[in-house]
Protein chains: 2
Amino acid sequence: MQRRAEVTRNRILEVAEIEFSEKGFYGSRVDEIANKAGVNKALIYKYFGSKEELYETIFSIVYERFSKLERQLISVEGLDFKSRMRRFVELDFLFLKENPTYVRMLMWENLNNAKYYKEKRLGNTKSVILEGLDQLLDDAKKEFDVPEEVTAKQILLTIYGCGFNYFSNSATMMGFLGDDMMDDSILKERIDSVVNMIMAYITGGKSD
Amino acid sequence: MQRRAEVTRNRILEVAEIEFSEKGFYGSRVDEIANKAGVNKALIYKYFGSKEELYETIFSIVYERFSKLERQLISVEGLDFKSRMRRFVELDFLFLKENPTYVRMLMWENLNNAKYYKEKRLGNTKSVILEGLDQLLDDAKKEFDVPEEVTAKQILLTIYGCGFNYFSNSATMMGFLGDDMMDDSILKERIDSVVNMIMAYITGGKSD
DNA sequence: TATAAAAGTAACCAAATAGTTACTTTTTGG
DNA sequence: CCAAAAAGTAACTATTTGGTTACTTTTATA
């Protein structure tokens with residue numbers, strides 16, 4: 001592929017990512033993607049074959065960014081357990097804040113019963129994350145008296161649940177929170193709360 | 001409106017709820033809704049005016065079910081604070097499990113920047129919920145030494161976040177959890193974990 | 001039971017949309 | 001510098017889709 005073609009291809013990808021994340025597969029129009037990319041529609045079919053394959057390509061790219069984050073999460077650094085846990089939660093929230101297209105594409109994907117997610121066998125990093133969190137918990141057990149029921153799985157569900165939901169449902173949450181949920185200080189409060197809650201859970205309240 | 005008309009109208013509503021929750025506004029086809037309801041398409045326009053108004057009607061109906069739950073949540077019963085908190089979380093999880101169309105419609109709605117949610121000024125019950133949770137917290141303060149940073153807002157975000165996300169993202173979570181997330185014992189484990197975590201947070205680990 | 005109103009339908013339309021074909025322009029290597 | 005290959009386009013098609021119109025059937029009641 002020539003230089004010019006790569007530039008054009010990337011322009012299509014950029015535009016299509018925004019379109020698909022905003023409107024989903026059904027809501028997006030190939031004509032509109034072509035127009036916004038300043039390109040003839042036929043070129044999209046030449047490069048990507050079909051609307052569906054274009055969508056798949058975009059989803060893989062966007063999901064890969066999250067996979068990269070997960071690889072960071074498994075070896076999170078910090079002086080003690082709490083600061084490592086804080087960093088873990090912070091990295092997750094920060095990623096979600098800075099990657100709204102990921103949040104939206106994962107929502108579309110879940111509404112579509114994770115069709116492409118399953119097809120491409122993504123989510124295999126998850127067991128790696130669980131192992132990493134398990135090791136983190138082992139370290140916690142040296143510092144604190146961790147209750148038996150505390151598992152990496154439950155903690156991950158809590159962090160991912162609180163994190164993802166904060167951003168995915170912000171439109172319907174906005175109203176009742178009143179605040180600007182994307183405001184840095186509000187966000188910091190939320191992160192602090194999640195960290196402290198998890199710490200209380202893990203340490204049985206004897207963390208300080 | 002005659003008896004027959006009401007039956008027909010309800011049949012359309014039932015079918016449309018499934019269609020819209022499964023495929024969203026753009027993915028749903030008026031023709032298909034008409035076919036599945038065993039009705040001529042023109043009748044849908046006679047009753048509801050447009051595809052958009054039909055969607056709005058459905059969304060209001062589905063959201064009202066959640067509003068009803070919230071009215072239950074504010075006056076949750078129980079012997080002590082922990083059992084009331086448990087009941088609160090249980091009711092939320094149970095509702096989400098039994099109302100998959102609500103979960104999906106709220107996801108569509110959030111992807112649509114809460115257009116109808118805002119238009120219809122839904123979510124006004126949220127401040128009522130916050131007040132209810134505040135009163136629950138006041139009761140907790142009689143029993144336990146509750147840290148200052150603990151607020152109704154943060155607890156609600158945690159419960160709603162963990163609850164909603166568990167169901168909304170189950171398709172992409174399934175893979176890494178391995179289990180059947182809808183299995184009663186797995187679900188009970190999750191609820192227990194959320195309750196215990198919140199209790200540890202609120203009581204500073206001195207709940208038992 | 002006659003009739004008016006309500007319930008319901010067949011068949012159509014205009015616009016939109018995914019995808020294709022035959023063509024022109026640009027780039028590059030010998 | 002020129003021919004072949006790659007990049008890119010204009011204009012088309014078949015189908016789908018939201019929406020409408022003119023019509024028939026059913027129901028209730030005076």
Side-chain angles (χ1 to χ4, degrees), chain A residues 1-61 104-105 108-109 111-112 115-116 119, chain B residues 1-61 104-105 108-109 111-112 115-116 119:
Chain A
M1 185 163 46
Q2 308 304 311
R3 178 80 178 273
R4 186 158 66 113
E6 204 180 316
V7 170
T8 309
R9 207 185 113 103
N10 284 336
R11 209 167 56 240
I12 294 169
L13 285 174
E14 264 174 53
V15 169
E17 179 180 331
I18 292 168
E19 286 297 303
F20 280 133
S21 77
E22 275 183 0
K23 299 168 190 169
F25 181 78
Y26 291 109
S28 297
R29 305 295 167 216
V30 180
D31 284 284
E32 203 173 339
I33 292 170
N35 283 341
K36 288 189 178 170
V39 132
N40 190 280
K41 183 167 59 155
L43 203 60
I44 292 181
Y45 286 93
K46 195 173 176 180
Y47 284 155
F48 301 99
S50 67
K51 186 185 178 184
E52 200 165 333
E53 286 170 279
L54 175 59
Y55 181 87
E56 281 184 64
T57 306
I58 303 277
F59 184 72
S60 292
I61 291 172
R104 295 179 65 93
M105 299 265 332
W108 292 118
E109 189 60 12
L111 283 166
N112 207 22
K115 191 178 164 197
Y116 300 110
E119 251 174 37
Chain B
M1 186 162 46
Q2 307 303 311
R3 177 78 177 275
R4 186 160 64 113
E6 203 179 318
V7 171
T8 308
R9 207 185 112 104
N10 284 336
R11 211 167 56 239
I12 295 170
L13 285 174
E14 264 174 52
V15 169
E17 179 179 332
I18 293 168
E19 287 297 303
F20 280 134
S21 77
E22 275 181 2
K23 300 169 189 168
F25 182 77
Y26 291 110
S28 298
R29 304 295 165 217
V30 180
D31 285 283
E32 202 173 340
I33 293 170
N35 283 341
K36 288 190 179 170
V39 132
N40 189 280
K41 184 167 59 154
L43 204 60
I44 292 180
Y45 286 92
K46 195 171 175 180
Y47 284 156
F48 301 100
S50 67
K51 186 185 180 185
E52 201 166 331
E53 284 170 281
L54 175 59
Y55 181 88
E56 280 184 65
T57 305
I58 303 278
F59 184 73
S60 293
I61 291 172
R104 295 180 64 92
M105 300 263 334
W108 293 118
E109 189 60 13
L111 283 167
N112 207 21
K115 191 178 164 197
Y116 300 110
E119 249 174 39

On a heavy-atom basis, the closest approach of A:N40 and A:A34 is C-CB, 4.2 Å

Once you round to the nearest 0.5 Å, how far does CE of B:M105 lie from CG of A:L111?
11.0 Å

NZ of A:K46 versus P of C:dT21: gap in Å, rounded?
14 Å

Nearest-angstrom distance from the residue atom CZ of B:F48 to C1' of D:dG19
16 Å

Between the protein and nucleotides 14-18 of chain C, which nitrogen or oxygen pairs are less than 3.5 angstrom apart?
| unit_1 | atom_1 | unit_2 | atom_2 | d |
| --- | --- | --- | --- | --- |
| C:dT17 | OP1 | A:R29 | NE | 2.6 |
| C:dA18 | OP1 | A:S28 | O | 3.4 |
| C:dA18 | OP1 | A:K51 | NZ | 2.9 |
| C:dA18 | OP2 | A:V30 | N | 3.1 |
| C:dA18 | N7 | A:K41 | NZ | 3.2 |

Whole-Å distance, A:Y47 OH to C:dG19 C1', equals 18 Å

Residues at least two apart in sequence or cross-chain that pass salt bridge (Lys or Arg N to Asp or Glu O under 4.0 Å) with A:E56, listed by chain then number, are A:K120

Quick one: which residue pairs count as a ring-ring contact (aromatic ring centres under 6.0 Å, His included) with a foot in residues 12-44 of chain A, not counting sequence neighbours?
A:F20-A:Y55, A:F25-A:Y55

Measuring from B:I33:CD1 to B:L13:CG, what's the distance to the nearest 0.5 Å?
10.0 Å

Once you build an axis from the first five pairs and another from the last five of the helix from C:dT1-D:dA30 to C:dG30-D:dC1, how far apart in angle are they, to 10 degrees?
10°

Give a yes/no answer on whether the side chain of B:T8 brings an N or O atom under 4.0 Å of OP1 or OP2 in C:dG8.
yes

Distance-only, no hydrogens or angles: does the A:K51 side chain make a donor-acceptor pair with backbone N or O of A:S28 under 3.5 Å?
yes

Spatial distance of atom CZ (B:R9) from atom OG1 (B:T57) [nearest 0.5 Å]:
6.5 Å

Separation of D:dG18 atom P from B:E53 atom CD, nearest Å, is 15 Å

Here the gap from B:R29 atom CZ to B:N35 atom CG, rounded to the nearest 0.5 Å, amounts to 13.5 Å

What's the closest nucleotide to the A:A42 side chain, out of C:dT9, C:dG8, C:dT21?
C:dT21

Say whether, by atom type as modelled, one donor and one acceptor occur between the side chain of A:S21 and the main chain of A:R104 under 3.5 angstrom.
no

Would you jot down, in residue-number order, the residues of residues 10-22 of chain B having a non-hydrogen atom under 4.0 Å from DNA chain D?
none

I need the CD1-C1' distance between A:I44 and D:dA10, as an integer number of Å.
15 Å

Rounding to a whole Å, what distance do you find between B:E6:CD and C:dA6:C1'?
14 Å

In whole Å, I'd like the distance from the CG atom of B:N40 to the C1' atom of D:dC23.
11 Å

Approximate separation, where rounding is to 0.5 Å, of B:I12 CD1 and B:L43 CG:
5.0 Å

Using the salt bridge (Lys or Arg N to Asp or Glu O under 4.0 Å) criterion, which residues pair with A:E52? Sequence neighbours excluded.
A:K115

Whole-Å distance separating the CG atom of B:L43 from the C1' atom of D:dG18
16 Å

